[in-house]
Every structure is written in C-alpha cells, then in structure tokens.
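Below: the structure, in structure tokens.
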2 protein chains.
Amino acid sequence: MSKLETAQKIEQAFERTGVRRTPQRFFVLERLLTKPDHATVEELWAALNRRHARASRATVYNTLHALVQAGLVREFTLDGKAARYDANLERHHHFVCDSCGAVEDVNWFDVPQLEGNESEKRSIRSYEVTLRGKCAKCHSNN
Amino acid sequence: MSKLETAQKIEQAFERTGVRRTPQRFFVLERLLTKPDHATVEELWAALNRRHARASRATVYNTLHALVQAGLVREFTLDGKAARYDANLERHHHFVCDSCGAVEDVNWFDVPQLEGNESEKRSIRSYEVTLRGKCAKCHSNN
DNA sequence: CTGCTAACTTAGACATAGTTCTAATTTAAG
DNA sequence: CTTAAATTAGAACTATGTCTAAGTTAGCAG
C-alpha cells in the first residue's frame with residue numbers, strides 16, 4: 001500500500017469511527033499499519049518523538065485507548081510484559097522469536113481437532129496459536 | 001493419586017534433584033500437584049499461610065525459582081499478569097475462562113498444518129494453543 | 001475566514017502490581 | 001553439634017499505567 005493510500009485509509013477510519021484527527025493519532029495508527037511489529041507503548045512513544053519531539057507518554061496511552069475503543073487496533077500481551085498493539089484486524093496467530101523477541105503475524109489456519117475433542121462442558125469463543133522459535137533474521141545472523 | 005503417593009512422589013523428586021526439603025517447599029509442590037489451577041505467587045502464598053501462618057512472600061518466590069530450576073515446575077504467564085506455575089510437565093494447551101479467569105489444562109494435540117505451511121525461514125521450537133471461552137462451572141452457574 | 005469550546009496534549013507526579021533484596025533468625029541434614 | 005542453606009518481615013525496586021492541571025488545537029458555527 002502506498003503512503004497516500006495508507007493516509008486515505010487512516011482518514012477514512014477516523015471519519016468512520018468519529019475519532020478526532022490529531023497528528024499524534026495519525027502517526028500512531030500509520031506506524032501500526034505500516035510496521036506490523038506489534039509495538040509497545042514505549043516503542044511507539046520513541047517513534048513518535050523522532051518526529052513530533054515532545055510527545056507525552058500519556059498521549060500514546062490515550063491514543064491507543066481511543067483506537068482500541070474505535071475498533072481500529074487490538075491490544076494483547078505476551079509473556080507478562082507490556083501491552084502490544086496490532087492494527088492487523090484479520091484473524092491470525094503469532095510467532096515469537098526466542099532470540100530477539102520479535103513478534104510476527106502468522107496467517108490464520110484452523111485447528112480442526114478442537115470441535116469434537118476438548119470442548120466437553122466448556123464453550124470456546126476463540127483460540128490462538130503462539131509459536132516460538134528463531135526468526136528468519138536471527139537465523140541468517142548466526 | 002493418594003495423599004501418601006503424592007508425598008512419596010514429592011520426596012523422591014526432592015531427593016532426585018537435590019532440592020532441600022523444607023515444609024514450605026513441600027507444601028508448595030504438593031499444592032501445585034494436587035490442585036492444577038495454575039496458581040500465582042499470591043495464591044500460593046495465601047494457601048501457604050493458611051497452614052504455616054507467617055510464611056514470607058520471598059519464600060514462595062525462592063521456592064518456585066528452586067522448583068523451576070530443578071525442572072519440577074514450569075512458569076508461564078497469561079495476559080500480562082503475574083507469573084503462573086504448573087507442575088504438569090506433560091505437553092498441554094491451556095483454556096482460559098472469560099468470566100472467572102480460571103486456567104485449565106487441555107490435553108495435548110498436534111497442529112499438523114504447522115510443518116509444511118508456515119515455517120518458511122523460521123524454525124519452530126514449540127507452540128501452544130490458548131483457548132478462550134466459558135468454563136463448565138461458569139456455564140452451570142448462569 | 002474567524003472565534004469558540006470541547007477535546008486533546010503536555011510534563012511530570014502519582015499509583016500499583018509484581019518481584020527482588022537485605023540482614024537477622026531459624027533449620028535441614030550430614 | 002555444626003554450618004550452609006532456607007526463612008522471615010518488610011523495605012526497596014522496576015515497569016507499566018493513570019492522573020492532574022495548565023496550555024493548545026481540531027473542527028464547527030457563524
């Protein structure tokens with residue numbers, strides 16, 4: 001997607017959901033859309049400051065809450081660390097690199113055994129596979 | 001498994017791994033073995049105090065670290081909260097109840113698609129499925 | 001275009017949960 | 001009995017997230 005297209009997509013998303021457009025919010029959503037690395041608040045704040053020097057952490061938190069509220073971004077956590085944010089709204093799984101900690105999306109696939117097998121008296125609303133190993137980058141670097 | 005059998009199993013585990021036997025450690029491991037609810041430190045500490053009133057939190061941390069070190073217990077986290085501990089060393093998946101937060105073990109099953117499909121340039125060391133929904137108890141209570 | 005105002009942003013203090021540390025005391029096990 | 005190792009209470013630390021009060025701005029009404 002070109003930069004222009006992304007910008008239009010963001011504008012539309014803001015308009016559609018009634019989220020007020022500010023430079024900070026635009027930047028955060030743009031960053032999440034174009035670099036799907038599941039950034040933490042800390043990372044987003046650092047990135048934001050490279051452009052809009054003097055952004056407040058609170059703004060990043062507020063922005064992310066607004067985006068989550070609006071359904072434009074999903075929040076999740078991994079291994080007890082800080083919350084991570086994902087603008088990929090498609091169903092997907094996650095891969096976590098043991099060496100560098102990178103989190104990558106993995107295309108969705110069903111886990112068919114689930115239905116018959118394990119759902120005795122519970123009802124399953126959703127599930128997700130978390131894969132762990134060594135990412136492509138860490139492989140070539142060693 | 002009877003209480004006696006469990007006790008013997010614990011004794012043997014301590015002896016085999018060279019973990020010194022203390023009442024606190026015995027209690028913690030016993031609790032993890034007999035009640036596989038993936039307790040947190042806080043929960044274990046509360047349980048311990050019901051018996052050995054005046055146990056220190058630090059002891060629970062020390063104990064768990066020793067048990068993890070010895071390979072008798074596994075540590076994991078879920079949803080960015082406190083670490084949870086599991087004496088079930090078999091491979092298994094987890095189910096998390098949306099309503100009450102309970103964490104239950106789910107018997108292991110393979111996810112066959114993984115091999116061919118997604119492991120392009122990364123290597124996958126392990127994976128786990130996390131299921132979410134409503135547990136049996138919460139179902140009957142509502 | 002201009003001015004208005006509710007909403008947003010800012011800096012930094014504050015809050016909190018989880019965990020680790022410390023120094024004195026007690027204990028397991030040879 | 002001895003002593004290295006474990007336990008204790010509570011202080012201290014760390015990371016993450018929330019709050020506050022003052023200043024700024026988006027977006028609309030006129």
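The shown structure was predicted, so the numbers you read here are calculated from the model rather than taken from an experiment. Here is the naming used below: chain letters follow the sequence lines, and residue numbers restart at 1 for every chain.
One interatomic measurement links the two molecules: CD of A/Gln69 to C1' of C/dA7, which rounds to 15 Å at whole-angstrom precision. As a whole-Å value, the separation of A/Asp79 CG from C/dG18 P is 16 Å. Distance A/Leu64 CG to C/dC8 C1': 15 Å, rounded to the nearest Å. Straight-line distance from the CG atom of A/Leu67 to the P atom of C/dC8: 11 Å, rounded to whole Å. Note: CD (B/Glu75) to C1' (C/dT19) measures 11 Å, nearest angstrom. Following rounding to the nearest Å, B/Phe27 (CZ) and C/dT27 (P) show an atom-to-atom distance of 18 Å.
In this structure, B/Asp98 pairs ionically with A/Arg125, as a charged nitrogen and a carboxylate oxygen lie closer than 4.0 Å. Salt bridge status for B/Glu128 with B/Arg91: absent, with no side-chain N to carboxylate O gap under 4.0 Å. Ion pair B/Asp37/B/Arg84 not flagged as a salt bridge, since none of the NZ, NE, NH1 or NH2 atoms sits closer than 4.0 Å to an Asp/Glu carboxylate oxygen.
A distance below 6.0 Å separates the ring centres of B/Phe109 and B/His93. Taking the six-membered ring for Trp and the full ring otherwise, the centers of A/Trp45 and A/Phe27 sit at least 6.0 Å from each other.
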- Nucleotide by nucleotide, 5' to 3', does protein get under 4.0 Å of the base (B), only the sugar-phosphate (S), or neither (-) in nucleotides 3-19 of chain D, counting heavy atoms? -BSSSBBB-----SBBB

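Side-chain atoms of B/Arg25 come within 3.5 Å of backbone N or O of B/Arg20 as a donor-acceptor pair.
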